[in-house]
There are 2 protein chains.
Amino acid sequence: MADPVALVRDASLTERAVLGIRDQVLRGKLRAGERLTELGLVDLLGVSRTPVRAALQKLAEEGLLEPTQSNGYLVRNFSEAEIFDAIEVRGTLEGLAARIAAERGVPQPILEQLRHCLAGIDAVLAGARPGDGHLVRYSELNSRFHALLLEASGSTMVARALARVVSLPFAAPDAFVSAQAKIPESLQILKTAQLQHHEILGALEARSSARVEPLVREHARIARKNLELALRNSDALEQVVGAPLIRRRGRS
Amino acid sequence: MADPVALVRDASLTERAVLGIRDQVLRGKLRAGERLTELGLVDLLGVSRTPVRAALQKLAEEGLLEPTQSNGYLVRNFSEAEIFDAIEVRGTLEGLAARIAAERGVPQPILEQLRHCLAGIDAVLAGARPGDGHLVRYSELNSRFHALLLEASGSTMVARALARVVSLPFAAPDAFVSAQAKIPESLQILKTAQLQHHEILGALEARSSARVEPLVREHARIARKNLELALRNSDALEQVVGAPLIRRRGRS
DNA sequence: CACCTCTGCGTTGTATACATCTTTGCCCAT
DNA sequence: ATGGGCAAAGATGTATACAACGCAGAGGTG
């Protein structure tokens, strides 16, 4: 497979460094707990220390790296419990976004897009056959639905907080969708999630803030369930981006 | 008044740059909307571009500065609505922390510290006289209570999300406490807040997750009320750290 | 007069030299 | 054998030179 980072042509060296380091970390090439030195990354990436330093600072903010007491960086790892909590934080913030959206009213164009998005997912699920690309299309539309939900709130502050959580590899709405390819009950899970999407949209249309918030929170917990399934199925876990960062119970 | 930043002796130049820029932004010396150039800050702070660049990156992450399309930075400003939302986000995340704490159980030592903290606030409020330093002591203990609440959850992920929100100048639990010096009904507000503190602690002790979450959320809304009061009282507003960053309705 | 271009200046991007701090591992003393 | 200290290697912190980019203003042209 070609190195995806080298393909980024029109990017600053700092961006290249960010993408390169993030990529190697998520692939487990740079292993959890490993110390990252600027000079080592200079050799690895072929750029000088200046962009490497900027990239390290950014990735530490993002949460992938952990600053040490002596001004170095370690590749961070995540316990199951931390991933669970991250998903719960996402659900809570998405719930807040939905509540605000319901209270303040969602602009018609965004409601339209939400409806259109769900119609798209309905179509994908109706035609889904094992092995075809329906997971990819589901994942895209699912991400879009969640993005629209945030947009519906119109709140830059909620967006800011949510962006930070979702930057973690396991907290995004579609983090475990790719793992579904290896999970037998996959289609049923996706259909359940889509039912929840419809309920959420219905509550938004009815401007029922009291109903939409717990619906959205519960919806996020599907990701927790998917995490549990993936952790018990190594084929599925391999599909999850960033799986090498998960610190398993009792191991190492 | 002496420049507080120059007093920081044992700090790297990067830290000095962060503190210096943040200080000048919050004081309104660098005005909202103003473009910050690296060379300008080099002159202002007396350090070279390298630490200035690092500081700009950090402060942009923090939310005080806004990256422009052409790789520059602007001093950010905040609408009333944004500050309201930021406080709501804080309340929501603190509510999540409290719910998790109630569900998982709070360690006895932390419960002890919470009780001790509230006893301290009770004492401060009982002896409060206008003009004495009770606001400073209240503010410290109040911050400590909120920090303990977060610690009680034991969740690094909630802590991470909350840290990000609270880094904004107006979202911290004690952001508007200093303004109270100029607000007549101040003592009554603080007493109400302390009543809520007691209710929250009671709910935690009873491990009532369903009760503690809305209590904490509502508690945060006192800050929203304080913001409203401060915005209508320019003497009070002057006391608020970062007041120059508030974009008033209809102005400028 | 409007518009386009080209030039010059101001700003950020990058590499690198040098300073300083941290760590490591060896050697010596006990 | 163990502990402490010191020296050397390696790491990050900082300054700065140079490159590249972008914007504004002057001047030319339709």
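To find a chain, count down the sequence lines: A is the first, B the second, and so on, and within it residues start at 1. Predicted, not measured: the structure shown is a model, and the values here were computed from it.
- When each of D:dT14, C:dT12, C:dT14 is scored by its nearest atom to the side-chain atoms of B:Leu39, the top-ranked nucleotide is C:dT12.
- Salt bridge status for B:Arg104 with A:Asp85: present, with a side-chain N to carboxylate O gap under 4.0 Å.
- Nucleic acid contact for B:Leu36: sugar-phosphate only, since backbone atoms but no base atoms lie under 4.0 Å from a heavy atom of the residue.
- The residue A:Ser70 sits close only to the backbone: its heavy atoms come under 4.0 Å of sugar-phosphate atoms, none of a base.
- A salt bridge links B:Arg99 with B:Glu103: the closest approach of a Lys/Arg side-chain nitrogen to an acidic carboxylate oxygen falls below 4.0 angstrom.
- Residue A:Arg53 places at least one side-chain N or O closer than 4.0 Å to OP1 or OP2 of D:dG13.
- A straight line from CD of B:Glu15 to P of C:dC21 spans 13 Å, rounded to a whole angstrom.
- Look at CG on A:Leu41: it is 17 Å from P on D:dG10, rounded to the nearest Å.
- Remark: P of C:dT23 and CG of A:Leu74 are 12 Å apart, rounded to the nearest angstrom.
- Proximity of B:Thr37 to the phosphate of C:dG10: no side-chain N or O atom is located under 4.0 Å from OP1 or OP2.
- Rounding to whole angstrom units, CG of residue B:Leu13 and P of C:dC21 are separated by 11 Å.
- Ion pair A:Arg90/A:Glu94 flagged as a salt bridge, since at least one NZ, NE, NH1 or NH2 atom sits closer than 4.0 Å to an Asp/Glu carboxylate oxygen.
- The CG atom of A:Asp43 sits 13 Å away from the P atom of D:dG10 (whole-angstrom rounding).
- Taking 4.0 Å as the cut-off between side-chain N and carboxylate O, B:Glu62 and B:Arg22 count as a salt-bridged pair.
- Between A:Glu151 and A:Arg144, none of the side-chain N atoms (NZ, or NE/NH1/NH2) sits under 4.0 Å from a carboxylate O, so this pair counts as no salt bridge.
- At the phosphate of C:dT22, neither OP1 nor OP2 sits under 4.0 Å from any side-chain N or O atom of A:Asn71.
- For A:Thr14 and A:Arg49, each mapped to the nucleotide of DNA chain C holding its nearest heavy atom, the one lying further toward the 5' end belongs to A:Thr14.
- Per the geometry, CD belonging to A:Gln57 stands 12 Å off P belonging to D:dT14, to the nearest Å.
- One finds no side-chain N or O of A:Thr50 lying less than 4.0 angstrom from the OP1 or OP2 phosphate oxygen of C:dT16.
- Rounded to an integer number of Å, the gap from B:Glu38 CD to D:dT14 P is 15 Å.
- Put simply, B:Ser48 has a side-chain N or O that comes within less than 4.0 Å of OP1 or OP2 on D:dA15.
- For C:dT12, the OP1/OP2 oxygens have a side-chain nitrogen or oxygen of B:Arg35 closer than 4.0 Å.
- Atom CZ of B:Arg16 is separated from atom P of D:dG13 by 15 Å (rounded to the nearest Å).
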